[in-house]
Amino acid sequence: MKQAAKSPITRVRHVALAVPDFKKTAEFYRSAWGLEVAHKESDVVFFATPGHPEQYILRVREDAAKRVDLIAFAAENSSEVDALAQRLGSAGVRLATEPGSMATPGGGYGFRFFDPDGRLIEVSSDVEQRASRALEPRESIPQKLSHVVINSPDVQATKRFYEQHLGFRLSDWLEDRMCFMRVREDHHILAIGQGPHTSLNHVSFEMRGIDEFMRGTGRLIRQGKEPVWGPGRHSAGDNTFTYFTDPVGNVVEYTTELERIEDDETWQPRTFSTEPDVADQWGTAGPFEPMVPAMFNSPDQGLWTPSPL
């Protein structure tokens, strides 16, 4: 199948996590990570940032099973949503819901389907925006959701799915272990890592700048939350990184200054090594080895299962 000329996807909206330690995890994202509660119910919290008009960028739901409920992407309009749903259905992709009005905060028009690893994906348009503002200097909270990284037992097959069906383009490789995928100018909004099982690798949140990135990193360290890796600067994407784990073991990242690809048609994907001086340009992050089991995470317990909301 030929890759679409332009992806109907414009950005990543939010990631929805189900967690067994709900209260502790929700409090981590509020008080330590710096997100604000946009909507709250007894067993679910929708987190937003004042720096972005997205209704919410992270959803945390209470469940006995640790899982990724869904990964949500934005489309330009309802026509794009309908056309994508029709193409996926015709190609035999399993739809979890048909296109229609959504009942989650902000409403909108969208549908859900399963990718080849069984994770639930949502594509939507016309979601109501919330009031937002530019973050101030030294305001060390996330200004938007940057990207999400997933683990797949078959990176090549999962990569082909996102290219052929959703129009993602390859930006770079980390050896043959991870591919970085884009839909617009940002170097990647999705990356796919080779893992022993299907799971979440990490979720990345963009900070206002280097100073805010370091201040946010320092805030967590002062609270006794040591980084799993970082602070440092990647080669693939040229972005800064500090990785932490949330209370249930999901890896989350502070980042900033992600590379932009302005000339989409002439871009030639590169392959970077995992050697220490390439993995971290600054040489400040420390050994990478502790990151490996953390990023592999535990197997996702929600595969091929629709989200309850």
Side-chain angles (χ1 to χ4, degrees), residues 11-15 17 25-38 45-60 74 129-149 180 182 184-191 201-247 250-262 279-286 288 291 294-295:
R11 66 183 184 277
V12 59
R13 283 198 191 279
H14 64 263
V15 176
L17 304 176
T25 303
E27 183 59 20
F28 167 83
Y29 285 110
R30 187 193 68 80
S31 62
W33 204 246
L35 299 176
E36 65 180 31
V37 175
V45 181
F46 299 82
F47 289 101
T49 167
H52 198 276
E54 197 68 62
Q55 277 286 326
Y56 56 97
I57 61 174
L58 178 71
R59 190 183 87 194
V60 177
Q129 295 191 329
R130 70 195 301 265
S132 61
R133 60 174 175 82
L135 298 186
E136 299 291 335
R138 300 190 175 188
E139 196 170 3
S140 57
I141 61 176
Q143 69 174 6
K144 74 170 189 175
L145 182 61
S146 174
H147 56 271
V148 59
V149 181
F180 299 86
R182 70 187 186 277
R184 295 294 185 269
E185 289 80 13
D186 283 349
H187 180 271
H188 59 284
I189 63 167
L190 177 73
N201 185 295
H202 71 270
V203 183
S204 180
F205 299 80
E206 181 183 294
M207 308 297 272
R208 180 182 183 274
I210 293 287
D211 186 70
E212 293 77 18
F213 160 80
M214 289 302 296
R215 287 175 182 274
T217 296
R219 179 180 64 252
L220 270 82
I221 292 173
R222 289 190 184 104
Q223 293 182 15
K225 299 171 177 62
E226 290 297 318
V228 185
W229 193 36
R233 189 169 202 125
H234 289 306
S235 290
D238 198 35
N239 53 309
T240 65
F241 66 86
T242 310
Y243 297 96
F244 296 88
T245 54
D246 73 8
N250 292 314
V251 177
V252 284
E253 176 190 32
Y254 279 155
T255 191
T256 195
E257 297 190 348
L258 180 68
E259 184 173 7
R260 302 268 293 175
I261 297 175
E262 304 292 347
D280 171 26
Q281 298 181 53
W282 290 346
T284 56
F288 175 70
M291 272 296 291
M295 282 191 161

**Study point:** side-chain contact (heavy atoms from CB on, under 4.5 Å) evaluation trace for Val251 with Met291
**Key:** CA-CA 9 Å; Val251 177; Met291 272 296 291; 4.3 Å; yes

Check your understanding: Stepwise, does the side-chain contact (heavy atoms from CB on, under 4.5 Å) test hold for Arg184 with Arg11?
Key -> CA-CA 8 Å; Arg184 295 294 185 269; Arg11 66 183 184 277; over 6 Å; no

Practice item. Applying side-chain contact (heavy atoms from CB on, under 4.5 Å), run through Leu145 and Val15 and close with a yes or a no. Key: CA-CA 9 Å; Leu145 182 61; Val15 176; 4.3 Å; yes

Review point. Checking side-chain contact (heavy atoms from CB on, under 4.5 Å) for the pair Asn239/Glu253: CA distance, chi angles, key distance, verdict?
Key: CA-CA 11 Å; Asn239 53 309; Glu253 176 190 32; 4.0 Å; yes

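Between Leu220 and Tyr254 the shortest side-chain heavy-atom distance falls below 4.5 Å. Contact annotation: the side chain of Phe47 approaches that of Val37 to within less than 4.5 Å [non-hydrogen atoms, C-beta and beyond]. A 4.5 Å side-chain heavy-atom check between Trp33 and Leu58 finds every atom pair outside the cut-off. Side chains of Arg260 and Leu258 form no contact here, defined as non-hydrogen atoms less than 4.5 Å apart. Gln55 is not listed as a side-chain neighbour of His14, based on a closest heavy-atom distance of 4.5 Å or more. Arg59 is not listed as a side-chain neighbour of Val45, based on a closest heavy-atom distance of 4.5 Å or more. A 4.5 Å side-chain heavy-atom check between Val60 and Phe28 finds every atom pair outside the cut-off. The shortest distance between side-chain heavy atoms of Val148 and Leu190 falls below 4.5 Å.
His52 and Arg130 make their closest contact through O-CG, 4.1 Å (heavy atoms, listed as atom of the first residue, atom of the second, distance). Nearest heavy-atom pair, Ile189 versus Val12, reported as atom, atom and distance to 0.1 Å: CD1-N, 3.9 Å. Counting all heavy atoms, side chain and backbone alike, Phe213 lies closest to Thr242 at CZ-OG1, 3.2 Å. Closest heavy-atom contact between Thr240 and Trp282: CG2-CH2, 3.6 Å. Shown here for Gln143 and Thr49, the closest heavy-atom pair between the two residues is O-CG2, 3.6 Å. The minimum heavy-atom distance between Gly232 and Ala285, with the atom names listed, is CA-CB, 4.2 Å.
Taken to the nearest 0.5 Å, the NE2 atom of His188 stands 6.0 Å off from the OG atom of Ser146. Here CD of Gln223 is found 7.0 Å from CZ of Arg219. Values are rounded to the nearest 0.5 Å. Rounded to the nearest 0.5 Å, atoms CD1 (Ile141) and CZ (Arg208) are 11.5 Å apart. Note that the CG atom of Asp186 and the NE2 atom of His147 stand 10.0 Å from one another [nearest 0.5 Å]. Rounded to the nearest 0.5 angstrom, Glu206 CD and Lys144 NZ are separated by 4.5 Å. The structure places OG1 of Thr25 at 9.0 Å from CG of Leu17, a figure rounded to the nearest 0.5 Å.
Formation of a donor-acceptor pair under 3.5 Å by the Arg215 side chain with backbone atoms of Glu139 is not found in this model.
Other residues, nucleotides and ligands contribute more than 12 heavy atoms inside 6.0 Å of the CZ atom of Arg133.
Note on ring orientation: taking the six-membered ring where Trp is involved, the planes of Phe46 and Tyr56 are perpendicular (angle over 60°, cut-offs 30° and 60°). Using cut-offs of 30° and 60° on the angle between ring planes, the pair Phe180 and His187 is tilted. Between Phe241 and Trp229, the ring-plane angle classifies as tilted under the 30° and 60° cut-offs.
Comment: Glu27 engages Arg30 in a salt bridge, judged by a side-chain N to carboxylate O separation of less than 4.0 angstrom.
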